[in-house]
Structure formats: C-alpha cells, structure tokens
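In what follows, a single structure is set out as structure tokens and then discussed.
Residue indices begin at 1 and follow the sequence shown. For ligands, and for the atoms within them, numbers begin at 1 and follow the listed sequence.
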Amino acid sequence: MFDKILIANRGEIACRVIDSCRRMGVATVAVYSDADRAARHVEMADEAVHLGGPAPADSYLRADRVIAAARATGAQAIHPGYGFLSENPDFVDAIVAAGLVFIGPSAAAIRAMGLKDAAKALMEQAGVPVVPGYHGADQDPDHLARMAGQIGYPVLIKAVAGGGGKGMRRVDDPAQFRDALDSARSEAQGAFGNPAVLIEKYILQPRHIEMQVFGDGTRAVHLYERDCSLQRRHQKVIEEAPAPGMTPEVRRAMGDAAVRAAEAIGYAGAGTIEFIVDGADGLRPDGFWFMEMNTRLQVEHPVTEAITGIDLVEWQLRVASGEPLPARQEDLSITGHAFEARLYAEDVPAGFLPATGRLSHLRFPDQARIETGVRPGDAISPWYDPMIAKLVTHAPTRAIALRALEQALVDTEVAGSVTNLAFLTALTRHAGFRQGEVDTGLIARDLDALIDAGPPDDRALVLGVIGLAGLADPARQGGTTLWQPLRRTIAWEGGSALLEVHGPGAARVTLVQPHEVLWQGGRWWVDGDLCRARIVTHAAGVSVFGGRVVHLTPLDPLARTGAAEGGDGLTRAPMPGLVKAVHVTLGQQVAAGDRLAVLEAMKMEHSLTAARDGVVAEVLVGAGDQVEAGAALIRLEDQPDG
Ligand code: ADP
Ligand code: ADP
Ligand code: MG
C-alpha cells in the first residue's frame with residue numbers, strides 16, 4: 001500500500017478520498033487554488049500545496065503543477081476524484097512518465113472510452129448492445145439528416161466528446177433537425193473543442209441504469225446497478241440502488257455486458273457503464289443499450305457502497321498499489337436499498353441556476369451519510385460546481401430508505417444561499433417516485449408541482465419574528481428572562497410585524513392576523529398548535545427550519561444578535577450609537593439574557609444582553625456616552641467558584 005498520495009481535486013470528493021486514506025493509514029496531500037486556501041479538504045489533509053489562481057485552468061487543471069506537487073511532497077500516487085483531470089489520458093501519461101502511479105485506469109483505456117462514437121464501435125465489437133444510431137465519421141449535415149431519417153424520429157443528437165449533458169438535442173420533427181444540429185455542434189465546439197456528433201434513436205420513457213464495475217487490468221467484476229433516472233436537463237438529481245423493478249435475469253444480462261465492456265479494454269480501477277433502458281413496460285434482458293463509460297469514480301458511488309458494504313476508494317487504492325481484485329463476483333451481494341440526493345446551491349424556480357453565497361448556517365442530520373466539502377461559514381464560490389453535499393441513506397427496504405432521505409432533507413439546515421433542498425424534499429414525496437415509477441422525464445413533466453412551495457406558512461414566519469427579536473432561544477438564555485413585556489415593530493427585508501410580549505414565554509405576533517406564541521414545555525406553540533420548527537439565528541439573519549423554511553434578513557443589524565459578546569467577556573457596541581442607560585453595576589451577578597445596557601442607534605433603542613452568566617467586572621460607559629462600533633461597554637467575569 002502507498003504511504004502517501006496526492007488528491008488532485010477539491011470539495012466533497014477530495015474530502016471523501018481523504019476519509020478512506022485516514023482509515024487506511026495513508027498520508028494525504030491536498031492541492032488548492034486561491035479560492036480554496038481555507039477549504040475543508042485543505043484542513044483535512046496532512047499536507048497541502050498551492051496550485052494557482054481560482055480558475056480551474058490556473059489550478060485544478062494544471063497537470064504540470066499537480067505532478068510537481070506530488071514529487072515535491074513525496075506522494076507516490078495521485079487520486080483524480082471526478083471532473084477536472086480525472087478523464088484526461090495525457091495527465092495519466094505524464095504521471096506515469098514522472099514515475100508516479102495514477103489511481104485509475106490506463107491512459108489507453110481512457111482514450112478508448114473518451115469519445116462516445118469510438119466507444120460505441122468498440123462496445124459493438126465486444127458484443128455489448130449499443131443504442132441504435134449512427135456513430136460514423138461522416139459529419140456532413142445532409143448525411144446526418146439522412147441517417148436520422150433511417151433511424152426514425154425522435155432522435156437524439158449527441159456530442160461525441162460530450163459530458164455533463166452538454167451538446168445534446170432531442171429532435172422530434174425532421175424539419176427541426178438542421179437547427180438542432182447547428183446548435184448541438186456549436187455547444188460541443190464551445191464546451192469540448194470538438195463539434196463532432198452522433199445520432200441515436202431517442203428511447204421513449206427512458207431510464208438511466210448504470211453498472212458499477214471494478215477491474216484489475218485483466219479481469220473485472222460488477223457491483224450491481226444504480227438507477228439515475230431522476231434527472232433535470234440530463235443531470236442526475238437523486239440516485240438509488242438497486243434499481244426499482246430490477247429482476248435477477250436483467251441484472252445478470254446487464255452485469256455480464258458491463259463486465260464484458262470493462263474487460264474488453266483491460267480496465268483497471270472503478271468505472272461505470274451507463275445504459276439507457278426502455279422502461280415502457282418493465283425491464284427486459286433485451287431492453288438496455290450502452291450509452292457511455294465513465295472511467296473514474298462516479299459522484300453517486302456511495303449508494304453502491306451502501307448496498308455492498310464496500311469502500312470503493314479503498315478498492316481503488318488497493319488495486320492501484322498492485323493488489324489483486326479484492327473480491328470475486330460470487331463474494332458480492334446486495335443488502336437493502338440506498339438513495340443519494342445531491343444538495344446544490346442553486347435557484348430551482350429560476351431554472352436550476354447555480355447560486356453562490358456564504359453558508360452562514362449549515363447543519364446536517366446524524367442519521368444520513370453526508371459527503372461534503374464545506375463547513376458552516378464557508379462560501380460557495382462561482383468558480384466551481386456549486387454542490388453543498390450529498391445525503392445518502394440506507395435501509396432494509398426502498399420505502400424506508402426513501403422516508404429516511406425525506407427526513408434527512410427536512411432535518412438539513414442551510415442558510416446563506418438558495419438551495420434545491422425544498423425541491424429535493426418534494427421529489428421524495430412524489431407519488432410516482434415513491435412507487436418506483438421512474439424515468440428521465442419525470443422531473444420535467446412534474447416540474448411545476450415540484451417547485452410549487454404552496455401557500456406561505458404563517459407559523460414559521462411568526463417564529464422567525466420571535467428569532468429576529470432575539471427571543472429564539474429561551475432554553476439557553478436562562479429561561480424566559482428576556483421576555484419582558486414590550487410592544488415593538490420588527491422589520492425585515494420584505495416585511496414587518498408587530499410583536500407584543502405579554503410575559504415569560506408568551507407573545508403575540510401580528511402579521512395580518514394576530515398569532516399567539518407560547519414557549520411551553522421546551523417547545524413552540526403557535527395559535528395552540530405544537531410547532532416542531534427550529535429557529536436559528538446566524539450572521540445573515542434568522543432561519544426557521546423543520547417545515548416550509550423561512551429566512552428573514554433583518555433591516556436592523558442590531559437585531560441580528562441580542563447579545564454581542566466575543567470570547568473575552570466584553571459586550572461591545574455592534575454599531576455607533578448613544579448609550580441610553582446602563583442597567584447593571586460593578587459586582588452585580590447577571591444571568592445569560594439579562595439586559596446590560598440600552599444603546600440608541602438609527603433612531604431605535606436596542607437592548608444589549610448578557611451572552612452568559614457572570615459577574616460585572618467593569619462598566620466602561622455611562623448613560624449619555626456616544627460610542628463607536630466595537631467599543632467595549634461592559635466586561636463580565638466568570639462567577640468565582642463556591
Ligand atoms: P456523474 O455526475 O454521473 O458522475 P457526469 O459525466 O455527468 O457524471 O459529470 C461528472 C461530475 O463531475 C458532475 O457531477 C460534475 O458536477 C462534476 N464535474 C464535471 N466537471 C467538473 C469540474 N470541472 N469541476 C468540478 N466538478 C466537475
Ligand atoms: P453525458 O456524457 O452528458 O452524461 P450520456 O450519453 O450519458 O451523456 O446521456 C446523458 C443522459 O441523456 C442520460 O442519462 C439520459 O437521461 C439521456 N439520454 C442519453 N441517450 C439517450 C437516448 N438515446 N434516448 C433517451 N435519452 C437519452
Ligand atoms: Mg453520462
């Protein structure tokens with residue numbers, strides 16, 4: 001086994017590879033761009049080497065610098081993750097030339113599968129069924145149009161160098177073929193520098209089912225299938241294993257074809273054979289066709305790990321270091337069912353637009369496997385894939401695993417960026433999906449229903465107002481001492497409400513209608529109903545999680561933190577203002593949440609409260625003082641013991 005490897009990637013996949021290395025006692029070297037200096041993968045690795053600027057072309061795609069970093073740190077092998085250099089055969093050649101090991105297949109195997117047309121020709125020879133169509137060299141538009149006619153509409157035009165769903169056009173009507181061809185070619189030229197296309201029969205009611213394969217350069221095994229039919233714009237959203245409706249007969253046929261494909265190119269390491277499947281009436285042994293091979297670890301590999309109990313990264317390292325295949329086909333079996341959801345910073349209603357932002361709050365549930373490259377406070381930058389995390393659940397049955405995924409999504413808390421969380425949650429509740437009736441058109445067909453958030457949830461909003469008023473955490477703030485009778489308007493970006501505190505744990509919030517709020521028995525009640533919502537105060541405002549999520553951004557920066565204390569016991573002025581009153585004297589004992597002073601700023605009065613229990617050690621200001629932002633006002637010390 002290697003002593004030390006370099007991971008030529010970032011984000012969740014770099015972290016995930018480091019996890020396995022740790023378990024195996026293999027030291028790790030991370031690489032990073034300017035945008036990732038303080039990223040999670042850098043923090044997790046034993047060493048880290050700076051590559052260059054934030055643009056991938058200046059950092060994660062710089063093969064020369066990656067290899068130099070490996071040599072400088074004494075790493076013996078390079079793990080490419082997915083994306084970036086992972087399917088670049090020239091990178092593999094350069095690694096080998098440098099006397100290092102590429103954790104993945106040979107350059108020749110990557111080249112064989114690199115272009116979809118050549119790969120299809122090769123698979124035909126190996127006796128693997130391929131999608132009917134034209135994948136020849138003649139790119140003359142008239143010829144391609146004739147081929148499309150012969151194949152029969154609808155057809156799919158695909159960039160031979162394509163990936164990530166780019167350069168693909170479905171054509172239903174011969175009259176539209178030329179326009180579709182032109183736009184597919186120009187997209188392919190822009191994205192891949194190669195305008196060549198192939199034409200395929202468009203499979204109606206298609207399902208995407210892929211086989212995980214693993215080879216040692218000679219022999220290969222398969223680790224069963226994954227169903228990746230839930231897609232939007234040809235990109236995977238939720239994946240699962242095994243595939244709904246799979247039969248032993250079809251699985252054997254697909255598995256055999258996948259192993260044949262891998263062995264035909266002397267495949268080493270983890271790879272995926274993607275099949276398009278006709279789902280019109282159940283799965284059939286003659287109803288699947290090879291689409292492409294991904295010669296790397298796949299984003300959705302954790303669902304396979306969940307049902308097989310195998311750590312695929314461990315296998316990658318073992319085989320790359322010269323060990324034989326860790327298992328024979330007959331040693332492998334499936335236990336239970338697994339799902340993976342891809343949590344992205346993206347604006348779903350706006351058309352799945354990638355989003356950016358600083359994750360002012362981030363919390364994941366314990367009950368799911370979480371693969372993530374970010375921590376609370378980290379930014380989703382515009383430079384890279386805006387994935388926040390993958391949530392993976394595993395259970396004895398599909399129904400339980402799907403419920404677990406739904407619950408994990410409901411329990412996930414993200415603030416600071418828009419996300420696809422609500423959309424993913426809606427998907428887990430989709431009736432057809434619940435019954436395993438999946439096809440690649442499901443999301444597009446039901447998109448409106450899936451993104452319809454429904455009527456606003458006044459109860460979550462009411463609790464958001466409680467949060468903005470600094471009353472969100474009665475348990476931690478020493479009971480309900482903050483709940484002094486008051487009547488105040490609470491404003492946030494996009495709305496306002498009247499807050500009337502009646503007394504400890506009791507208030508009325510008037511939006512349009514008045515709502516009665518109670519904190520009782522350690523829970524929130526609104527208008528007599530128990531609310532399982534969680535109110536979270538963070539740097540960007542207040543979020544209410546647990547149902548329909550509400551985010552409120554305060555207009556008044558002071559309202560963000562009722563208690564403004566660093567770690568030093570000092571309560572500081574959060575903004576410039578006039579000290580209206582000081583409510584404590586030297587030596588006085590205070591409890592967390594007690595009012596210390598009142599600051600007038602921006603024509604409003606703001607209570608500054610104790611962040612914790614303590615004794616007043618210094619009073620640094622008096623009523624009438626004008627103070628700057630950050631000025632120390634009151635210092636607390638811990639209560640002397642006994
Ligand atoms: P799959 O998503 O099934 O692994 P794709 O070929 O669709 O297969 O995409 C590969 C994955 O790699 C995508 O999820 C994409 O987010 C990621 N990816 C592709 N290119 C890059 C890149 N330059 N940087 C980061 N991630 C990338
Ligand atoms: P990429 O390299 O971009 O991943 P693929 O060839 O794997 O391209 O196709 C991506 C997706 O497009 C598939 O998962 C499937 O949803 C759809 N697709 C591909 N080929 C066909 C086809 N012949 N008929 C119907 N849908 C297809
Ligand atoms: Mg694909």
Side-chain angles (χ1 to χ4, degrees), residues 82-83 86-88 110 112-124 128-135 144 147-148 150-172 180 184-185 187-188 190-194 196-213 225-240 243 254 258 261 270-280 287-301 340 342 352 385 438-445 447:
Y82 56 74
S86 63
E87 295 182 89
N88 183 329
I110 297 176
M113 290 296 181
L115 296 178
K116 291 185 203 288
D117 52 350
K120 282 182 79 172
L122 190 69
M123 290 300 104
E124 261 177 334
V128 176
V130 304
V131 189
Y134 174 76
H135 46 264
L144 293 174
M147 291 297 115
Q150 274 176 28
I151 294 162
Y153 285 84
V155 298
L156 190 64
I157 304 172
K158 269 188 197 177
V160 302
K166 288 209 190 78
M168 225 180 292
R169 294 287 182 281
R170 175 183 167 164
V171 192
D172 292 286
R185 288 173 67 95
E187 189 171 306
F192 315 111
N194 179 349
V197 297
L198 57 81
I199 317 283
E200 277 180 3
K201 176 99 193 134
Y202 188 88
I203 307 297
L204 292 169
Q205 221 174 310
R207 285 175 64 177
H208 173 122
I209 301 182
E210 57 187 32
M211 299 296 296
Q212 175 71 52
V213 292
E225 77 280 0
R226 292 182 287 256
D227 193 310
C228 309
S229 299
L230 284 199
Q231 303 184 348
R232 48 99 178 155
R233 296 220 207 100
H234 306 303
Q235 288 189 3
K236 300 160 188 169
V237 178
I238 293 182
E239 305 97 345
E240 62 180 303
M254 285 183 107
T272 295
I273 313 286
E274 294 189 338
F275 293 105
I276 190 90
V277 175
D278 179 359
F288 65 88
W289 301 275
F290 172 88
M291 274 194 300
E292 66 163 347
M293 178 171 190
N294 291 324
T295 52
R296 54 171 161 84
L297 195 64
Q298 200 97 338
V299 175
E300 58 274 19
H301 74 276
E340 173 187 277
R342 301 187 186 193
F352 298 96
D385 193 61
V438 291
D439 70 81
T440 62
L442 182 147
I443 288 179
R445 266 195 314 274
L447 191 60

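In Lys201, the part holding a heavy atom less than 4.0 Å from any atom of ligand 2 is the backbone.
Applying the 4.0 Å criterion to heavy atoms of Gly164 picks out, from ligand 2, the atoms 1 (P), 3 (O). Here is the list of ligand 2 atoms found below 4.0 Å of a heavy atom in Glu292: 1 (P), 2 (O), 4 (O), 5 (P), 7 (O), 8 (O). Of all the atoms in ligand 2, the ones that sit under 4.0 Å from a non-hydrogen atom of Gly162 are 2 (O). Proximity to His208 (heavy-atom distance under 4.0 Å) selects the following atoms of ligand 2: 13 (C), 14 (O). Close contacts of ligand 2 with Gly165, meaning ligand atoms under 4.0 Å from a residue heavy atom, involve 1 (P), 3 (O). Close contacts between ligand 2 and Leu156 involve ligand atoms 18 (N), 19 (C), 20 (N), 21 (C), 22 (C), 27 (C) [criterion: under 4.0 Å to a heavy atom]. The contact set between ligand 2 and Lys158, taken as ligand atoms under 4.0 Å from a residue heavy atom, comprises 6 (O), 19 (C), 20 (N). Atoms of ligand 2 found under 4.0 Å from any heavy atom of Thr440, numbered from 1 in the order shown, are 16 (O).
Within 6.0 Å of atom NZ in Lys201, more than 12 heavy atoms from other residues, nucleotides or ligands are found, so the atom counts as buried in its surroundings.
Atom CZ in Arg296 sits 7.5 Å away from atom OG1 in Thr272 (nearest 0.5 Å).
For ligand 2, the polar-atom distance check finds no N/O of Val131 at less than 3.5 Å from any of the ligand's N/O atoms. For a threshold of 3.5 Å applied to N or O pairs, the pair formed by Lys166 and ligand 2 contains no separation below that value. For the pair Ile276 and ligand 2, the shortest N or O to N or O distance does not fall below 3.5 Å.
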Worksheet item: How far apart are the C-alpha atoms of Arg342 and Gln235, what are their side-chain angles, what is the distance that settles it, and do they pass the side chain to side chain contact (heavy atoms under 4.5 Å, CB included) test?
Response: CA-CA 11 Å; Arg342 301 187 186 193; Gln235 288 189 3; over 6 Å; no
Practice prompt. Evaluate the side chain to side chain contact (heavy atoms under 4.5 Å, CB included) criterion for residues Ile203 and Trp289: first the C-alpha distance (whole Å), next the side-chain angles of each, then the deciding distance (0.1 Å), finally the verdict.
Written response: CA-CA 10 Å; Ile203 307 297; Trp289 301 275; 3.8 Å; yes
Discussion item. Go through it in stages, so that I can follow the logic: the residues are Ile151 and Glu200, the test is side chain to side chain contact (heavy atoms under 4.5 Å, CB included), and I'd like the CA-CA distance, side-chain angles, deciding distance and then a yes or no.
Written reply: CA-CA 7 Å; Ile151 294 162; Glu200 277 180 3; over 6 Å; no
Worksheet entry | CA sep, side-chain torsions, deciding dist, call: Glu225, Asp227, side chain to side chain contact (heavy atoms under 4.5 Å, CB included) | CA-CA 7 Å; Glu225 77 280 0; Asp227 193 310; over 6 Å; no
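Take the N/O/S atoms of Glu292: the one nearest the Mg ion (ligand 3) is OE2. Of all the N, O or S atoms in Glu274, the one closest to the Mg ion (ligand 3) is OE1.
For Lys116, the heavy-atom gap to ligand 2 drops under 4.0 angstrom.
With sequence neighbours excluded, no residue satisfies salt bridge (charged side-chain N to carboxylate O under 4.0 Å, His left out) with Asp117.
Checking each of Gln205, Met254, His208 against Val277 for a side-chain contact (heavy atoms from CB on, under 4.5 Å) leaves exactly one that passes, namely Met254.
A salt bridge links Glu187 with Arg169; the closest basic N to acidic carboxylate O contact falls under 4.0 Å. The existence of a salt bridge linking Glu210 and Lys236 is confirmed by a sub-4.0 Å separation between a basic side-chain nitrogen and an acidic carboxylate oxygen.
Looking at Met168, Arg207, Gln231, Arg233, it is Gln231 that brings a heavy atom closest to atom 16 (O) of ligand 2.
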